2 protein chains.
Amino acid sequence: MSKTTRSEAAPLTADIGSETIPLKQACVIAAREVIAAEGCAALSLRDVARRLGVSHQAPYRHYPTRDDLLAEVLRQCFAEFAQALAARTPHENAQDELGSLGDAYLGYAAAHPVEYALMFTDPWPQAAHHPAMAQAAKIAFDELRSVLTRVYAQVPAPWQMAWVERDALCIWAAIHGLASISRLDATAALGLAPVSQLRAHVFGMIERSMANESVLNNNIPKQTDT
Amino acid sequence: MSKTTRSEAAPLTADIGSETIPLKQACVIAAREVIAAEGCAALSLRDVARRLGVSHQAPYRHYPTRDDLLAEVLRQCFAEFAQALAARTPHENAQDELGSLGDAYLGYAAAHPVEYALMFTDPWPQAAHHPAMAQAAKIAFDELRSVLTRVYAQVPAPWQMAWVERDALCIWAAIHGLASISRLDATAALGLAPVSQLRAHVFGMIERSMANESVLNNNIPKQTDT
DNA sequence: AGTACATTGTTGACGCTGTCAACTTTTCCT
DNA sequence: AGGAAAAGTTGACAGCGTCAACAATGTACT
């Protein structure tokens, strides 16, 4: 009787570990455990319910759809990711700081492969339907914009914003592409070197590209000071 | 009796469209129809069986696992992808040919978004378990290697291969990253420009990077002929 | 010819999933 | 205090992959 009917002043909470917290939060924690253990595709609300010792329908009260729970997990992951990027080691030289941002990015991807794959390679729930998730993702991306704005601090306004947007995309594409490749296990199948050796290559491409751009700086815009 | 028991000299075939072909091939065609219509995640062997008018177990005779059928579909997609890359417009100048390879890559991704996502963003079946699929993928990737070998034709042997491998990875990472971003619908969420405008940026980064490298050519290896 | 056998397909069952509907209990607001 | 809304339970349904048992076919061997 203590389990089949929850007549014992059941507190709308669930036990997870040793804590007792609201079911809504407990669902997210359990979902991340499932994803970490068996991957995103294996996430099921029934499994979450079973782990929390509640009925198979209870989680649906808080997350009407599997995607709604997934979007909340993603929102948290993006927030943690943004925090990790913001915690990069600062540098006087903006170009060096760009490097440390890249390190922070790859460091996070390496340290949290499950979360990274969840954010960037597993299919998203429709972003338009989950604005909180999209917002959290944008905040993370703005870290890159912010560093690039420093890099191009000397560039006059009309060019600066365009260059920042352009390089933000390029750098993200290159680094995410690298992370993506490493995840696919494609390096072995395609006869590529192991990913550990590839990081320097991609960083080198970015640096050469921007170095070449800085040569053009002398041609196109007149610097404001110096 | 004509349907419940297949005593009527059953031809081990299945009807698809107006053709009558072996079930094994018919499964692949039906699978691609399912994937095109509802995405990779929606692929189920029961659905395939239903479309072909056979029992829910028949496809399992030919593909013991969902992943085995998926790997065969992927193998075909990689072969078609390699063919599309090989059909690029040729150029005298190797650098220009690299550009046309990039166009062919992005052209295929745009013309066949379902197949591209299947090959490069949906999770692969374990490559080690499906060597035919991995081999087909490698053949496609070798198109990129081949063009880069032309680009660096003048570079002495010790450097040439290393540069080819390095740039093959970098270029793939950059272009695949771009394609990946466009697929995620992330551009809107992150406040980026639409993908149509981003292609030139990534190509520009690659070109600037390689142009800068060619400057170094004068410093590092002695050319075999001018 | 005749027989053993592997291949190909069918049928039925099991547990898993998400989803819908009807119901009870708890909470909260007036 | 009372009543509505929220939270949770229970039961049913269809679709999925998987396993096991069985029938029909073609082939190879003696």
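Below, chains carry the letters A, B, ... as their sequence lines are ordered, and counting in each starts from 1. These figures come from a predicted structure and were not determined experimentally. These values consider heavy atoms only, across backbone and side chains, with no hydrogens, waters or symmetry-generated copies.
- Here the P atom of nucleotide D:dG17 and the CG atom of B:D67 are 11 Å apart, to the nearest Å.
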Item to check | Derivation of the salt bridge (charged side-chain N to carboxylate O under 4.0 Å, His left out) call for B:K24 and B:E72 | outcome: CA-CA 10 Å; B:K24 187 165 185 173; B:E72 173 58 19; over 6 Å; no
What's touching nucleotides 13-15 of chain C from the protein side, N or O pairs under 3.5 Å?
none

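- Between the CD atom of A:Q25 and the P atom of D:dA7 there is a distance of 14 Å, rounded to whole Å.
- To the nearest angstrom, P of C:dT27 lies 14 Å from CG of A:L23.
- For the pair A:R61 CZ and D:dA5 P, the computed distance is 14 Å after rounding to whole Å.
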Next on the checklist: Pair B:R88, B:D103 - check side chain to side chain contact (heavy atoms under 4.5 Å, CB included), show working.
Outcome noted: CA-CA 8 Å; B:R88 67 186 174 274; B:D103 286 335; over 6 Å; no
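- Residue B:F120 forms a ring-ring contact (aromatic ring centres under 6.0 Å, His included) with just one option from B:Y108, B:F81, B:F141, and that option is B:F81.
- Remark: C1' of D:dA7 and OH of A:Y60 are 16 Å apart, rounded to the nearest angstrom.
- A straight line from OH of A:Y63 to C1' of C:dG18 spans 18 Å, rounded to a whole angstrom.
- In this structure, B:H176 and A:H176 have parallel ring planes: the angle between them is below the 30° cut-off, well short of the 60° mark.
- For the side chain to side chain contact (heavy atoms under 4.5 Å, CB included) test, residues two or more places apart in sequence or in another chain that qualify with B:D142 are B:K138, B:R145.
- Here the P atom of nucleotide D:dA7 and the CG atom of A:L45 are 16 Å apart, to the nearest Å.
- Spacing between atom NE2 of A:H62 and atom C1' of C:dT27 amounts to 13 Å, rounded to whole angstrom units.
- Closest to the side chain of A:S55, out of C:dT10, C:dT19, D:dG8, is D:dG8.
- Shortest non-hydrogen contact noted between A:A41 and A:R66 is O-NH2, 4.0 Å.
- For D:dA14, neither phosphate oxygen OP1 nor OP2 lies less than 4.0 angstrom from any side-chain nitrogen or oxygen of B:R50.
- Contacts of B:S44 with the nucleic acid, taken as non-hydrogen atoms under 4.0 Å apart, involve only primed sugar atoms and P, OP1 or OP2.
- Under the 3.5 Å distance criterion, the side-chain polar atoms of A:T65 are left unmatched by any main-chain donor or acceptor of A:D68.
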